[in-house]
Amino acid sequence: MNQFKKTERLCSIVDIDKLFSEGKAVNRFPFKIIYKNPSHNLGNAVQVLISVPKRKFKKAVHRNLLKRRIREAYRLYKFNLQEVPGKRNLHIAIVYIDSEIRSFNDIREDLKLILQKLNLRLRQA
RNA sequence: GUAAAUCGUUCUAUCGCUCCAAGCAAUUGGGGAGGAAAGUCCGGACACCACAGAGCAUCGUAGCGGGUAAUGCCCGUCCACCGUGAGGUGAGGACAAGUGCAACAGAAAGAAUGUACAGUUUUAUUGACAGAUAGUGCCACAGAAAGGGAAACUACCUCGAAGCAACGUGUUGUUUUGAGGAAAAGGUGAAAAGGUGUGGUAAAAGCGCACCAGUAUCAAAAGAGAUUUUGGUAGCUUGGUAAACCUUAUGGGGUGCAAGGCCAUGUAAACCGAGGCUUGAGGGCUGCUCGCCUGAUCUCGGAGGGUAGGCUGCAUAGAUAAAUGAUAGAUUAAAACAGAAUCCGGCUUAUUAAGGUUUACAAAA
């Protein structure tokens with residue numbers, strides 16, 4: 001089932017600080033993904049954080065809309081990451097770096113491509 | 001038809017999210033953004049600081065009556081202004097570093113205020129409704145003069161002196177000059193200092209008087225009151241700006257849920273040096289002074305150690321990285337402005353393709 005429970009989300013402030021200060025980045029417009037293997041064992045899980053910068057979207061309605069679209073797209077395509085054997089302890093942050101509001105279909109396709117790119121990077125590592 | 005106000009969004013299927021309840025579990029059932037949730041501009045509740053004290057400073061408010069927990073909100077009303085009238089208006093600073101975009105308005109032009117400058121607003125009309133008669137400041141340009149009971153440019157009025165002319169020989173006219181004046185005329189400006197008549201005077205003038213206008217005040221009547229009406233008295237008249245300072249009246253103690261409470265983890269209230277110590281340091285989140293409480297667990301420097309968050313507050317939506325979504329279909333379409341974080345009451349600002357409703361106006365019948 002394509003569920004997206006709270007255990008799959010990154011909530012700890014300490015972990016978020018570490019992710020942004022120590023993590024590596026993958027870019028593919030309109031997204032940027034920051035990823036890092038956490039110090040402690042998550043029990044073969046991926047924890048994700050979705051961010052839309054306030055600087056680019058001043059209205060809360062627009063930020064909410066984009067975060068919901070990205071979250072829905074991630075729910076549908078997260079299997080791309082779960083195929084990686086032995087790399088399933090992972091913290092990632094998905095940052096939306098465009099300044100336009102894209103449709104759900106565009107976001108879905110772009111997120112699919114960047115997740116595949118991240119998967120490839122992890123296999124090579 | 002035009003304008004304004006108002007109405008603020010249905011259902012089905014599949015896959016998800018969050019909270020609650022039931023269950024060992026799988027799962028099942030139920031709740032799940034707005035009229036503005038926004039701006040954070042007022043008023044409260046609630047919490048802590050002394051169950052909150054005094055004075056000053058500072059800030060808000062400004063006709064009257066009522067509503068309300070309360071308000072700067074709402075309703076009614078008084079006065080002013082606009083309109084033949086029914087009636088209407090009281091907006092803008094809840095703009096104030098800059099830039100961009102959009103909309104609206106506009107023929108031009110607009111003093112004092114504010115501001116670094118600019119801009120905005122309004123214009124059929126116009127009180128940011130206490131005071132301009134407590135005091136201070138300011139009033140560009142134009143104009144003689146802009147608030148000093150001021151001022152005289154052109155033209156003018158009156159008187160004195162000198163010269164000239166005329167004749168009726170002490171008058172008239174005229175020129176120059178000195179003094180007084182501001183009534184009538186011109187011109188400037190947003191605004192030129194009560195109006196008319198009469199007395200008065202050399203000529204004038206609220207200089208005196210009568211009437212009118214206006215201001216203050218007293219009395220009577222009406223009204224809950226602001227206030228109104230009538231009559232008397234007074235000085236005879238006092239420009240604007242309080243959105244300059246200020247004065248009067250009145251209100252506000254401060255801080256805001258990151259308030260505050262509880263549990264838990266680590267720990268160093270340790271060490272070294274200097275100072276302070278009940279004759280009171282420091283602290284108690286308030287601009288100052290006082291007062292009150294606490295009472296060495298203080299201050300500065302050096303070297304150095306260590307951590308993990310959760311519950312509550314908190315809601316018949318409700319978390320703590322923070323839910324309310326995606327796809328497909330039906331209705332023309334599911335859209336405008338826009339997303340709850342302690343909770344209420346207001347205000348302000350933003351806003352809809354079509355349509356409904358209400359009001360106003362116009363036209364037609």
G-U wobble or Watson-Crick pairing nucleotide for [N] (cut-off 3.5 Å, both distances):
N: B:rU27; value: B:rA22
N: B:rU188; value: none
N: B:rA161; value: B:rU176
N: B:rG100; value: none
N: B:rG225; value: none
N: B:rC207; value: B:rG199
N: B:rG214; value: none
N: B:rG65; value: B:rC75

inquiry  = A side-chain contact here means heavy atoms from C-beta on lying under 4.5 Å apart; do A:Asn64 and A:Arg68 qualify?
reply    =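 SC-SC contact between A:Asn64 and A:Arg68 confirmed.
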Rounded at 0.5 Å granularity, tell me how far [atom1] in [X] sits from [atom2] in [Y].
X: A:Ile92; Y: A:Tyr74; atom1: CD1; atom2: OH; result: 4.5 Å
X: A:Gln116; Y: A:Leu111; atom1: CD; atom2: CG; result: 10.0 Å
X: A:Arg108; Y: A:Glu72; atom1: CZ; atom2: CD; result: 10.0 Å

Atom [atom1] of [X] to atom [atom2] of [N]: distance rounded to whole Å?
X: A:Leu65; N: B:rU324; atom1: CG; atom2: P; answer: 11 Å
X: A:Glu72; N: B:rU14; atom1: CD; atom2: C1'; answer: 12 Å
X: A:Arg108; N: B:rG16; atom1: CZ; atom2: P; answer: 16 Å

request  = Check whether any side-chain nitrogen or oxygen of A:Arg68 sits under 4.0 Å from OP1 or OP2 of B:rG339, and answer yes or no.
outcome  =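 Answer no for this pair, as no side-chain N or O of A:Arg68 is under 4.0 Å from OP1 or OP2.
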message = Is A:Arg71 close enough to B:rU324 that one of its side-chain N or O atoms is under 4.0 Å from OP1 or OP2 there?
response =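 Indeed, a polar side-chain atom of A:Arg71 lies that close.
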In B:rG206, glycosidic geometry as syn within 90° of 0 or anti otherwise =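 B:rG206: syn glycosidic orientation.
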request  = Indicate syn or anti for B:rA145, taking the glycosidic torsion and treating anything within 90° of 0 as syn.
outcome  = anti
Rounded [atom1] spacing from [N] to [M] in Å:
N: B:rA145; M: B:rA132; atom1: C1'; answer: 23 Å
N: B:rG304; M: B:rA268; atom1: C1'; answer: 10 Å
N: B:rC51; M: B:rG253; atom1: C1'; answer: 14 Å
N: B:rA91; M: B:rA111; atom1: P; answer: 23 Å
N: B:rG32; M: B:rA3; atom1: C1'; answer: 41 Å
N: B:rA80; M: B:rC75; atom1: P; answer: 23 Å
N: B:rG252; M: B:rU61; atom1: P; answer: 16 Å
N: B:rG85; M: B:rG98; atom1: P; answer: 47 Å

message = If the test is side chain to side chain contact (heavy atoms under 4.5 Å, CB included), which one of A:Val95, A:Leu115, A:Leu118, A:Ile70 qualifies with A:Phe31?
response =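 Considering A:Val95, A:Leu115, A:Leu118, A:Ile70, a side chain to side chain contact (heavy atoms under 4.5 Å, CB included) with A:Phe31 is found only for A:Ile70.
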key: First encountered from the 5' end of RNA chain B, between A:Asn64 and A:Arg69   =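 Closest to the 5' end, via its nearest nucleotide, is A:Arg69.
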